[in-house]
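Have a look at the structure below, then the notes.
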There are 2 protein chains.
Amino acid sequence: MSDLTGRLRRESRKITGPRAAILEILHAHPHPLTSREILAALPKDHCDLATVYRSMHLLETMGMVKRYHFHDGAARFELVGEGDDGHHHHLVCVNCSGVVEIAECFPDEIQKRIAQKNGYKNVTHKLEFFGTCPDCQR
Amino acid sequence: MSDLTGRLRRESRKITGPRAAILEILHAHPHPLTSREILAALPKDHCDLATVYRSMHLLETMGMVKRYHFHDGAARFELVGEGDDGHHHHLVCVNCSGVVEIAECFPDEIQKRIAQKNGYKNVTHKLEFFGTCPDCQR
DNA sequence: TTCTTAATTGCAAATCGTTTGCATTTACAA
DNA sequence: TTGTAAATGCAAACGATTTGCAATTAAGAA
Ligand SMILES: [Mn+2]
Ligand SMILES: [Mn+2]
Ligand SMILES: [Zn+2]
Ligand SMILES: [Zn+2]
């Protein structure tokens with residue numbers, strides 16, 4: 001947690017109450033959360049939704065959180081470890097929205113081939129899996 | 001094109017001016033288009049944006065178009081061939097938004113393994129590649 | 001510790017993509 | 001030709017996100 005605030009300080013950003021609280025929430029949650037969910041999880045409902053949005057934007061540009069998009073329109077955020085680049089994928093239940101973290105990734109050789117074949121540089125990917133979780137299969 | 005109207009008729013949906021025009025546009029464009037882009041491409045600007053949205057919704061539930069999400073918030077649509085299920089992916093330039101159609105797909109064995117390991121059924125995936133296209137590399 | 005100031009916040013209004021209610025029009029089968 | 005369900009236009013409603021602005025505050029300097 002102190003390493004998180006350290007990263008903020010290093011870029012001359014203030015360590016404010018809302019930010020510390022948001023980082024706590026993200027730290028305590030293993031899965032992507034929407035800005036609204038973060039706000040709801042915040043103790044004492046003490047900051048504005050706009051502040052959550054602004055915080056997520058800042059943390060994202062600092063590489064401290066990753067943004068994900070599942071089936072609904074809302075963005076979801078997950079904390080990224082200090083060294084880690086945070087790249088990974090999810091398996092989402094189309095019925096209950098339950099999320100499973102996935103270790104597998106798109107094969108790098110294939111991605112390299114795609115990049116080269118089309119002359120694109122710095123190619124990355126967004127990949128999410130969708131299906132029906134055990135609980136939702138009747 | 002007649003097979004498209006046929007699919008509409010088969011479900012007792014009317015073949016209206018706007019719908020025919022929208023199908024023309026989609027047929028003429030090889031890449032995903034936003035509702036707004038479709039409206040702009042429409043001859044004589046003759047239908048309402050709400051009608052485009054309603055049409056895309058209908059065509060999607062009929063399996064005639066596929067919906068995609070790239071980096072911005074807008075949904076994009078592509079026509080699906082009659083027999084085809086339309087599943088495929090794109091390589092999008094993060095600078096100019098140029099799109100390349102990609103033939104490669106996420107390896108099925110790995111997806112099966114992911115599904116089985118987590119007890120999920122009917123697992124599918126959404127996968128898009130992002131990078132810098134040749135023109136945007138200076 | 002107090003001062004100074006740029007960074008941050010709350011609040012409300014604005015934006016953007018998308019949806020919806022409703023009165024009016026229209027495709028098309030009988 | 002006619003009856004009727006389906007489709008449309010228009011404007012208002014929506015949900016997520018952004019932004020302008022005046023008031024507040026963290027944190028380095030003095
Ligand atoms: Mn995750
Ligand atoms: Mn395509
Ligand atoms: Zn990956
Ligand atoms: Zn695929």
Side-chain angles (χ1 to χ4, degrees), chain A residues 1-2 4-25 32-62 64-77 97, chain B residues 2 4-25 32-62 64-78 97:
Chain A
M1 190 56 53
S2 59
L4 294 174
T5 56
R7 289 164 79 176
L8 281 173
R9 202 172 284 110
R10 242 171 280 148
E11 307 211 16
S12 65
R13 313 313 294 252
K14 296 181 180 175
I15 297 163
T16 63
R19 285 181 186 166
I22 288 170
L23 286 173
E24 289 280 352
I25 301 299
L33 295 177
T34 65
S35 293
R36 223 180 206 83
E37 289 169 339
I38 293 170
L39 179 69
L42 242 35
K44 310 183 69 178
D45 197 53
H46 225 80
C47 97
D48 193 80
L49 185 53
T51 298
V52 178
Y53 277 109
R54 279 191 275 234
S55 294
M56 300 327 292
H57 202 293
L58 171 70
L59 295 175
E60 184 185 22
T61 62
M62 293 181 62
M64 295 177 63
V65 303
K66 276 256 175 193
R67 177 187 301 257
Y68 295 94
H69 289 280
F70 296 161
H71 265 155
D72 61 358
R76 283 155 208 274
F77 303 89
S97 296
Chain B
S2 59
L4 294 174
T5 56
R7 289 164 78 177
L8 281 173
R9 201 174 283 111
R10 243 172 279 147
E11 307 210 16
S12 65
R13 315 312 295 252
K14 297 181 180 175
I15 298 163
T16 64
R19 283 182 187 165
I22 288 170
L23 286 173
E24 289 281 351
I25 301 301
L33 296 177
T34 65
S35 293
R36 214 174 216 90
E37 289 169 341
I38 293 170
L39 179 69
L42 241 33
K44 313 180 66 176
D45 197 54
H46 227 80
C47 97
D48 193 81
L49 185 55
T51 299
V52 178
Y53 277 109
R54 280 190 276 235
S55 295
M56 300 326 292
H57 201 291
L58 171 70
L59 295 175
E60 184 184 23
T61 63
M62 294 180 63
M64 295 176 63
V65 305
K66 276 256 176 195
R67 178 188 300 258
Y68 295 94
H69 289 280
F70 297 161
H71 265 155
D72 62 358
R76 283 155 208 275
F77 302 90
E78 234 186 39
S97 297

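The shown structure was predicted, so the numbers you read here are calculated from the model rather than taken from an experiment. Here is the naming used below: chain letters follow the sequence lines, and residue numbers restart at 1 for every chain.
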[X] [atom1] - [N] [atom2] separation (whole Å):
| X | N | atom1 | atom2 | result |
| --- | --- | --- | --- | --- |
| Asp48(B) | dG9(D) | CG | P | 6 Å |
| Tyr53(A) | dT15(C) | OH | C1' | 13 Å |
| Arg13(A) | dT9(C) | CZ | C1' | 14 Å |
| Glu60(B) | dT19(C) | CD | P | 9 Å |
| Leu8(A) | dT25(D) | CG | P | 19 Å |
| Leu58(B) | dT8(D) | CG | P | 9 Å |

Report task. Look at the side-chain N and O atoms of Thr16(A) and state whether any lies under 4.0 Å from the OP1 or OP2 oxygen of dT9(C). Result ->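 Result: yes.
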
**Report entry** Arg54(A) side chain near dT8(C) phosphate (N/O to OP1/OP2, under 4.0 Å)
**Finding:**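 False: Arg54(A) side-chain N/O out of range (4.0 Å or more) of dT8(C) OP1/OP2.
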
Query raised in the report: Just by modelled atom types, is the Lys14(B) backbone N or O under 3.5 Å from a matching donor or acceptor in the Arg19(B) side chain?
Result: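 Side chain of Arg19(B) to backbone of Lys14(B), a donor-acceptor pair under 3.5 Å: yes, one is there.
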
Query raised in the report: When you measure from the side chain of Thr51(A) to the backbone N and O of Cys47(A), does any donor-acceptor pair fall under 3.5 Å?
Result: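 Absent.
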
Query raised in the report: Below 4.0 angstrom, N of the basic side chain to O of the carboxylate: do Glu60(B) and Arg67(B) qualify?
Result: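 A salt bridge is present here (some side-chain N lies under 4.0 Å from a carboxylate O).
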
Query raised in the report: Mapping Lys14(B) and Arg19(A) onto DNA chain C by nearest heavy atom, which one lands closer to the 5' end?
Result: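 Between the two, 5'-proximity favours Arg19(A).
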
